[in-house]
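Everything below concerns the one structure shown next.
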Protein chains: 2
Amino acid sequence: MQNSQSSSKRFLDIIGELQSLISEQKIEYGDRLPSERHLAEKLQVSRTAVREALRSMELLGLIETRRGEGTFLSDFKKHQLVEVLSTFIMQQARSIQDVVDTRMIHERAAITTVTENEELRKLPVWVGMQSRLREGDSVFSREDMVRETIVATENRLSLKIWFLLKQYSGVSFDIAIEADEEIAIVHDLLDEMMAGNKEKALICYEKWMDQVEGERRETK
Amino acid sequence: MQNSQSSSKRFLDIIGELQSLISEQKIEYGDRLPSERHLAEKLQVSRTAVREALRSMELLGLIETRRGEGTFLSDFKKHQLVEVLSTFIMQQARSIQDVVDTRMIHERAAITTVTENEELRKLPVWVGMQSRLREGDSVFSREDMVRETIVATENRLSLKIWFLLKQYSGVSFDIAIEADEEIAIVHDLLDEMMAGNKEKALICYEKWMDQVEGERRETK
DNA sequence: TATGCAGGGTGGTCAGACCACTCTGCTGAA
DNA sequence: TTCAGCAGAGTGGTCTGACCACCCTGCATA
């Protein structure tokens, strides 16, 4: 066919066909894909070729395979991608500091966006968060606060990048707030955000991050 | 061995071993990797397994294969990754607008960082850029300006993310500056950055982007 | 000297086999 | 009748050996 043209990238074609198949048959996240043998027959290629395509997609975290059960469309939470890219791409990063810096870039941007947008400032989520802070909700964590802010911006790509970065730098990021001082800072941050004071909100954020950093050093 | 433990993810192990091999033998971007047959023998696995690992890495853009020649470590400019993820992950993004927004997040952050750091403001690159602008250097492009700013922050991860985002949203982003008005804005932006006026620099940036956006709409 | 061809090495693909595992339904014992 | 246990089918995981298409190199020939 067009083999001579597209040359040597058969497995890319197969991935493409799989994508079509998935969207045609309306396969949702978590659903099972046809077996490797069936796919090979359907696409008129060898099982080897199908497997190469599937393994690639698995590495990307697009699918998930379970021996004896089948191949499933992944809900793309479990990215092996993270581990693999970490050794290749991340070795290019100056250090883990780049990851932290980049994560903070996204967090600052979210705070700025929310603070500058009246609609977003009025969201009930902020009030709810303040209540939880006052009541000493032990389930409340730093992660919640930042995540909700990024969620509010409705930029799902930024949210996704932030989520990946958090996994890297996420050491001690899930710790629930205990220190009174930290609670106070976050409370201030929320206040300033809701009031629309961009500069002050960002200052609160920096103060918060400084404290988190200091705390992280102590525990080490 | 630990097969039963790490279970069914042999090809991930192989990728790991390849990474070790690459770093041990100091294989640089563009260099050739051992052939599939040699790798299979060296790692004591079948060529099939090696190929599954290699195809995965190829999809990530980590390596490049040329029939009859061999497998080469990619210089990680040509990411098929972009195309593949675009259909899967990007469909989760609200729209292409997310990509543009996120790209701008990184650009604003870079401008802020440079403007707030006296050392970075003094870099000779800014002066050089102004000269090129004045002389109407036709090679000078928008991309250069933004890229140099991010490069200056020395956050290679942010640079990498920006680069990927640019490939998505990069339509008409490589156009050389022609409009006098645009040159003036960029000139101002450089001035404000070097002067350390964060707010004004950011205002210039927004103005610039507005104009670019308008221009993009016109050409369509 | 220059041309062209043959051989070896490389990735690309395939068929078929076997293993380990999971699930299901049937069989036989309680 | 009920339920435990087993056998079989189906799945992914791996391997072998083979053949093809392609690139490069070096040797033989014109």
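All of these numbers come straight from a predicted model, not from anything done at the bench. Protein chains get the first letters and strands the later ones, always in sequence-line order, with residue 1 at the start of each.
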For I185(A), check side-chain contact (heavy atoms from CB on, under 4.5 Å) against everything at least two apart and list the hits. K207(A), W208(A), Q211(A)
Ranking G70(B) and E69(A) by the position along DNA chain C of their nearest nucleotide, the one closer to 5' is G70(B)
Under 4.0 angstrom, heavy atoms only, what part of the nucleic acid is R66(B) near: base, sugar-phosphate, or nothing? sugar-phosphate
Taking N or O atoms only and anything under 3.5 Å, show me the protein contacts with nucleotides 14-18 of chain C, one pair per line.
unit_1  : atom_1 : unit_2 : atom_2 : d
dC14(C) : OP1    : R10(A) : NH2    : 2.9
dC14(C) : OP2    : S46(A) : N      : 3.2
dC14(C) : OP2    : S46(A) : OG     : 3.2

From CD of E36(B) over to P of dT16(D), roughly how many Å is that when rounded to an integer? 15 Å
Whole-Å distance, F72(B) CZ to dC24(D) C1', equals 12 Å
Write down the distance between CZ (R67(B)) and C1' (dC20(D)), rounded to a whole number of angstrom. 8 Å
Respond yes when some side-chain nitrogen or oxygen of T71(A) is under 4.0 Å from OP1 or OP2 of dT11(D), and no when none is. no
Picking from dT11(D), dG12(C), dG13(D), the nucleotide nearest the side-chain atoms of T65(A) would be dG13(D)
Does dG12(D) have OP1 or OP2 under 4.0 Å away from a side-chain N or O of R51(A)? no
Distance in Å, E64(B) CD paired with R32(B) CZ, rounded so as to fall on 0.5 Å steps: 13.5 Å
Can you tell me the distance, in whole Å, between the CD atom of E64(B) and the P atom of dT10(C)? 18 Å
Residue set satisfying side-chain contact (heavy atoms from CB on, under 4.5 Å) with A109(B), at least two apart, ordered chain then number -> I105(A)
How close or far is atom C1' of dT14(D) from atom CD of E52(B), stated in whole angstroms? 8 Å
Distance from R132(A) atom CZ to I183(A) atom CD1, nearest 0.5 Å? 12.0 Å
Across all chains, not counting sequence neighbours, the side-chain contact (heavy atoms from CB on, under 4.5 Å) partners of V127(B) are M194(B)
In whole Å, what is the span from the CG atom of L33(A) to the P atom of dT11(D)? 12 Å
Out of dT11(D), dT10(C), dT14(D), whichever nucleotide has its closest atom nearest the side chain of R32(B): dT10(C)
Which salt bridge (Lys or Arg N to Asp or Glu O under 4.0 Å) pairs, counting each pair once, include a residue from residues 35-45 of chain B, with sequence neighbours left out? E36(B)-R47(B), E36(B)-R51(B), E36(B)-R55(B)
For E206(A), all residues meeting salt bridge (charged side-chain N to carboxylate O under 4.0 Å, His left out), sequence neighbours excluded: R108(A)
Value in whole Å for how far the P atom of dT13(C) lies from CD of E41(A): 19 Å
In whole angstroms, the gap separating P of dG11(C) from CD of E58(B) amounts to 11 Å
